[in-house]
Structure formats: structure tokens, C-alpha cells
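Just below is one structure, and these are the notes that go with it.
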Amino acid sequence: MASVTSLTAHVHQRLTDALTAALPETADADPLLRRSDRADFQANGILALAKKAKANPRDLATQVVDRVVTGDLIKDIEVSGPGFLNITVTDRAITQTLADRATDPTDRLGVPFAEHPGTTVIDYAQPNVAKEMHVGHLRSAVIGDAVVQILEFVGETVVRRHHIGDWGTQFGMLIQYLDEHPHELDRKTPEGAADGTAETGEEAMSNLNRLYKAARTHFDSDEEFKTRARRRVVDLQAGDPHTLATWQRFVDESKVYFFSVFEKLDMEIRDADIVGESGYNDMLDETCRILEDSGVAVRSEGALCVFFDDVKGPDGNPVPLIVKKSDGGYGYAATDLSAIRNRVFDLKADTLLYVVDARQSLHFKMVFETARRAGWLNEDTKAQQLAFGTVLGKDGKPFKTREGETVRLVDLLDEAIDRATTVVREKAEKMGLSEEEIVENGRFVGVGAVKYADLSTSAVRDYKFDLDQMVSLNGDTSVYLQYAYARIQSILRKAGDARPLAHPELALAPAERALGLHLDQFGELLLDVAAGYEPHKLASYLYQLASHLTTFYDQCQVLSDANPKEVVENRLFLVDLTARTLHRGMALLGIRTPERL
């Protein structure tokens, strides 16, 4: 069983059949069904159909109602206003549909696959070699990882690409300085002596930072060194073996650090998926030749450029995309265009997705348009920037340290984990958690809090980074969702011999109906999230689910000797399916759900 038909789909089909019977010329017309506060569903499509057929909308609505089959699925249907239809489904239909979802042997909870899956290359989590990751790298990594998980879950073939900054003129400076100071990258102990033990990610980046600062100081103060460093850039671009070997050392040292940060973020980053700027070097000349030969790019003041009618500077003159500089060097555009060629023709992608800061939107707009003019992108092969906003401090300004420095990502994560561990420890005695569980749950809660704060906001919007709010048990936070999941697990442990079991024959209380109807939306919601690359919609759905659960707890006692066995089993069934949905949804956002919290 690959998927379970939702209540929405069932009701939609019933209305479509009735519409066709009432107005045969409107076969397969869309009744425009949606959830409603006035009933379970509302259909608004009859107004437009009546106008097209030159019929009275309320009369047409009445004809449709007369032809709708009720009883098993639809309990009640009535005409409202000028021709809306309010539909209430039966309790049996709600429970039976959820039971089908719960028993899905694939453990997909009945979630359907996308109708037309393809191949998506997603470019995200793009740190720079020899530079520390800071808060600005957070959103690309977290949003990109969530989109990867969601796309793969609905059946898309996903190729991950981490376009790291591993090329450029600064490497000439770094390589030359290391050649002249060969022990600068040796690991230092607090006493300053070399230490042969394995190097951690933090230590690797600390050494690189020290090297970079020393090299930059020397570069800015010594003209002869500056000349030697610039010659070394030429050696690097020409493929000099010694220079390349030293460059590779920088890359390897940086990867040790990258992997340590991503591990702290609880993200899987595979070495094979890291294809940085250097990975496209061999394609740059050919990319430029193709663009120039086809007339897409032209020479302007010695540079190879692409011009656009709608891109002009403050002076009104056209601002070009510079593919190759007048001195023969290649710009970022040449690398990005070569990457598009590789992803389209070698990786056979039909969708290219770039999770990149919104401030680079103009660059990608010009790159994508250039690729379209060259014929690399078309109706069948699209490229899209999933632009994201800025992480702000509580003051609404870009997030900085008190000294005005950019916040290091590891420091931010460590503080979140520390805060979360404090929250977990406060409740640890009541739950009987061991020290090991406290530490592990603190990490899951802290990292989850950071991810959820990011993902619960529409990617393109800025958001304020407020750890006090993020680790709160109240409000729209990951801790609230994690606690909802852990609370269900506690109930299931206390249930004794009682087991979750659906009883479609039972009438449902209002809170049970609301929870069940929301659970029914999960599959359609995920397809919508995947189609629009909008993980914030999944976060919103999960928060609403936890809120419905809270109302359910307030109004419907699960474990009670006063309840018949069937009621206890059915309520256990509802909370168990809620837990499984929370667990699956949070996992797709890259967030863990501890069993005890």
C-alpha cells in the first residue's frame, strides 16, 4: 500500500460526480473544496460554474446536493449563502481513514508519492575553506537539509551539492605564507608544543585562523611577499603539483572542521557531495567559449559580459554579468554557469535548487537568464533560488556579538545546547532521567530549538534569534512539539494491557474529530510543502497538531476506568497516530523527538 486516499480526496470525488450529474457539460470541474470553520469542508466552485452556465448558483448548488450520496462518507451537506456547500463527514469515515493510514506497512503513514517525481540538484550548506562557519551559514544548511528530506520522502531523486568556497586569490597568499612558515599549521597544545594526538575540528580551524591572520598581516605590510603570493595564485591555477598539494591540505583541514560543525547540527554531510568552486575549473574556458560563440556573451572593455535590458545601475547604464574579467580571470558567474552545465548534462537534473542568501538574488537572476539564453535551462529544466532572509538579534539588527563581531555558529549551537540542557535537567528528576539521557536530550532539544526557529519562519523573511523563547515549553517552539511527543509516549507506557486500536463504530467528541481531521491532512500537506519548497508550512502543521492534542487532553481523558475499553483503545489509537505523525514530521525537519522529556 503506497498511499491512503484522504477524506478530502474522497469528498472531492463525491462532489465532482454530483456536479457532473447536475451539469453534464462541466465534467471533471473542480468544486474548489477546502477546510472550513463552519463545517468540516466547504465547496466554493459552484459560483464560477453557475456563471459560466448562466444558471442561478443557489439553484445549481441545490441540484448538486440532491445528487450527493450521503451516509457512509458524508453525514450532512447544505447550501449556504449564494451557493456555497458546507459538508460534514461521518465519524466512521474519519476513524476508518486514519486506521488505514496507521496500518500502512511501508511506515509512510499513507503519505502518497509525488505524481511526477524527477531529479533535483540542491545546492546548500556552502562554507568557505580556511574560514569559520558563522550564523550566516545556519539558514542555508538547515533549510536545505529539510528540503532534501522532504523531497526524498515524496519520491524525488535528490543530488546534494555543497558548493564550498575552495578557490580564489586568497589561497595564493595562504600557500606562500605556509611555504615560508612550514610549521604554522602544526597543532599547538596550551604549552605551545606540538602534539601528535588526533586533531579536532575546532583545533583544525583554530590553526587555519591563526595562519590566515598572520598571512594577511604579512601580505598587507610586505610588498615583496605580496608579489610572491600573486605568483603563487598563477601556480595554483596552472596546476603546479606542490602548490596543489598545499591547497589540498587547506581543504582537508577545513573539512575536518566542517564535518564537526555539521555533526553538532545533527546533519549528514557526505564527502562525495562536496563539490566546491574548484570542481568546475576544467569547464570554465569551454563555458566562456560556448557563451561567446553563441552570442550570449560579448566583449566589453576587454571583459566577457552578458547584458540585460532590465538590469541597470544608479546611473542608468546596463550592469553586466561578468563571466571573464579583462585580466583573464574568471568571475563567480563562470563557475556558477559551469555548475549548471554539469548538473543539467552530467547529473541529468530537471530542477536546480539554490538555497542561498536573498542578497545574492540579482546574481542568480542573471546567471539563470544567461543559462536560459544558452539553452541549458528551458521549460523542462528549471533553476530556482530558494532565497532566505537574515538572522537578527533581539534588537532587530543583524545578529552580532557584543563586540560587534559575527557570531560563530559553534558558539551559537553550544549556547543553545547549554540552555536546553538546563531546561531538561529541571524536569529530569520527575521523569527519572539518567545523566546520559539529560545530556543527549539537551543536545536534541537545543539543536532542535535552533532549527525549528529557522524553519517555522518563511525562508525569505528575516527572523529574530531569541534563545529564551526558542527553548520555552510554551508557544510555537520545537520544545513544545517534542514535549507533546514525549507526553504521548508516557501515556502509552502507562496504558498497561490497553492497546491503540481504531473503533470506527464509535461516535467522536468534538476534540477527537478536530484532531482526526487534522491528522488526515498530513499527506496532502507534505505534497504541497515539497512542491513549493516550504518547510515552514510543515512546521506550522505540526504546531497546530500539537495544539489540537492539547485541546484533546483537556476534553478527553485517555486512560480512565470510567471509560469503556473501546473508548480507551480508540483514544490511544488517536494519540499514537499523532505521535507517529509528529515523529515523522519533525524528522523531515531534521529534528529529533526524545521518548522521555
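This structure is a prediction, so every number in the text was calculated from the model and none was measured.
Side-chain atoms of Leu265 and Lys451, non-hydrogen and from C-beta on, do get closer than 4.5 Å to each other. Between Phe307 and Val298, some side-chain heavy-atom pair lies under the 4.5 Å cut-off. Asn207 has its side chain out of reach of Leu211: every pair of non-hydrogen atoms, C-beta onward, lies at least 4.5 Å apart. For the pair Asp145/Gln149, a side-chain contact is recorded, criterion being any heavy-atom separation below 4.5 Å from C-beta on. With a 4.5 Å cut-off on side-chain heavy atoms, Leu347 and Arg161 count as touching. Counting heavy atoms from C-beta outward, Val261 and Glu132 have side chains that stay 4.5 Å or more apart. Using a 4.5 Å cut-off on side-chain heavy atoms (C-beta onward), Leu321 and Glu369 make no contact. Met366 has its side chain out of reach of Val306: every pair of non-hydrogen atoms, C-beta onward, lies at least 4.5 Å apart.
In this view, Lys394 and Asp466, Asp468 satisfy the salt bridge (Lys or Arg N to Asp or Glu O under 4.0 Å) rule, not counting sequence neighbours.
The backbone N or O of Val447 sits nowhere less than 3.5 Å from a side-chain atom of Lys264 that would complete a donor-acceptor pair. The backbone N or O of Val355 lies less than 3.5 Å from a partner atom in the side chain of Ser140, making a donor-acceptor pair. A donor-acceptor pair is defined here as one N or O able to donate and one able to accept, closer than 3.5 Å; no such pair exists between the side chain of Thr381 and the backbone of Leu377. Under the 3.5 Å distance criterion, the side-chain polar atoms of Asp240 are matched with a main-chain donor or acceptor of Thr243. At least one donor-acceptor pair closer than 3.5 Å links the side chain of Thr421 to the backbone N or O of Ile417. Distance alone, capped at 3.5 Å, places no donor-acceptor pair between the Ser540 side chain and the His536 backbone. Within the 3.5 Å criterion, the main-chain N or O of Gly389 finds no donor-acceptor partner in the side chain of Asp462. With hydrogens and angles disregarded, no donor-acceptor distance shorter than 3.5 Å links the side chain of Gln126 to the backbone of Ile164. Formation of a donor-acceptor pair under 3.5 Å by the Thr477 side chain with backbone atoms of Tyr480 is found in this model.
Distance check, rounded to the nearest 0.5 Å: OH of Tyr257 to CD of Glu253 gives 13.5 Å. Here the CG atom belonging to Leu409 is positioned 8.5 Å from the NE2 atom belonging to His137, to the nearest 0.5 angstrom. Taking CD from Glu277 and NE2 from His163, the interatomic distance works out to 5.0 Å, rounded to the nearest 0.5 Å. Within the model, atoms NE2 of His162 and CD1 of Ile122 stand 9.5 Å from one another, a figure rounded to the nearest 0.5 Å. Summarising the geometry, atom OG1 belonging to Thr120 is positioned 6.0 Å from atom CG belonging to Asp350; distances are rounded to the nearest 0.5 Å. For the atom pair CD1 (Ile175) and CD (Glu180), the distance works out to 12.5 Å, reported to the nearest 0.5 Å.
Salt bridge absent: Arg372 and Glu379 never bring a charged side-chain N and a carboxylate O closer than 4.0 Å. Salt bridge status for Arg343 with Asp123: present, with a side-chain N to carboxylate O gap under 4.0 Å. A salt bridge does not link Asp235 with Arg231: none of the charged nitrogens is closer than 4.0 Å to a carboxylate oxygen.
With Phe113 as the aromatic partner, Arg108 meets the cation-pi criteria of under 6.0 angstrom to the ring centre and within 45 degrees of the ring axis.
Within a 6.0 Å sphere centred on CG of Asp309, heavy atoms belonging to other residues, nucleotides or ligands number 12 at most. Asp282 CG: 12 or fewer foreign heavy atoms inside a 6.0 Å radius. Residue-environment remark: CZ (Arg160) exceeds the threshold of 12 foreign heavy atoms within 6.0 Å. The environment of NE2 in His363 is crowded: more than 12 heavy-atom neighbours from other residues, nucleotides or ligands sit within 6.0 Å. For CZ of Arg249, the number of neighbouring non-hydrogen atoms (other residues, nucleotides, ligands) closer than 6.0 Å is greater than 12. For Glu263, the CD atom is loosely surrounded, since the number of other residues' heavy atoms within 6.0 Å does not exceed 12. Other residues, nucleotides and ligands contribute more than 12 heavy atoms inside 6.0 Å of the OH atom of Tyr463.
Below 30°, between 30° and 60°, or above 60°: for Phe225 and Tyr177 the angle between ring planes is above 60°, a perpendicular geometry.
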Steps toward side chain to side chain contact (heavy atoms under 4.5 Å, CB included) verdict (Val367, Tyr332): CA-CA 10 Å; Val367 166; Tyr332 287 120; over 6 Å; no
Please lay out, stage by stage, how Arg359 and Asp357 fare under the test salt bridge (Lys or Arg N to Asp or Glu O under 4.0 Å). CA-CA 5 Å; Arg359 289 171 291 188; Asp357 193 316; 2.6 Å; yes
What do the steps show when you test Val450 against Phe465 for side chain to side chain contact (heavy atoms under 4.5 Å, CB included), and what is the final call? CA-CA 8 Å; Val450 171; Phe465 193 92; 4.1 Å; yes
Evaluate the salt bridge (Lys or Arg N to Asp or Glu O under 4.0 Å) criterion for residues Lys325 and Glu301: first the C-alpha distance (whole Å), next the side-chain angles of each, then the deciding distance (0.1 Å), finally the verdict. CA-CA 9 Å; Lys325 303 172 186 176; Glu301 299 180 12; over 6 Å; no
Begin from the C-alpha positions of Asp179 and Arg232 and carry the test salt bridge (Lys or Arg N to Asp or Glu O under 4.0 Å) through to its verdict. CA-CA 10 Å; Asp179 258 16; Arg232 187 51 67 97; 3.0 Å; yes
Decide yes or no on salt bridge (Lys or Arg N to Asp or Glu O under 4.0 Å) for Asp454 and Arg139, but give the supporting numbers first. CA-CA 7 Å; Asp454 195 312; Arg139 302 208 70 185; 2.9 Å; yes
Could you walk me through whether Met173 and His218 pass side chain to side chain contact (heavy atoms under 4.5 Å, CB included), step by step? CA-CA 9 Å; Met173 175 188 77; His218 204 37; over 6 Å; no
Audit row: Asn209, Ser206, side chain to side chain contact (heavy atoms under 4.5 Å, CB included) steps and yes/no: CA-CA 5 Å; Asn209 271 345; Ser206 175; 5.7 Å; no
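Under the 3.5 Å distance criterion, with hydrogens and angles disregarded, a donor-acceptor pair is assigned to the side chains of Ser361 and Gln385.
Minimum heavy-atom separation, Ala130 to Leu174: CB-CD1, 4.1 Å. The two residues Arg341 and Met283 have their closest heavy-atom pair at NH1-O, 3.5 Å. Nearest heavy atom pair, residue Phe171 against residue Asp166, reads CE1-C, 3.4 Å. Of all heavy-atom pairs between Gly446 and Ala420, the closest is N-CB, 3.3 Å. Shown here for Ala539 and Tyr452, the closest heavy-atom pair between the two residues is O-OH, 3.2 Å. Nearest heavy atoms, Ala449 versus Val471: CB-CG1, 4.1 Å.
For Tyr280 and Tyr330, the ring centers sit 6.0 Å or farther from each other.
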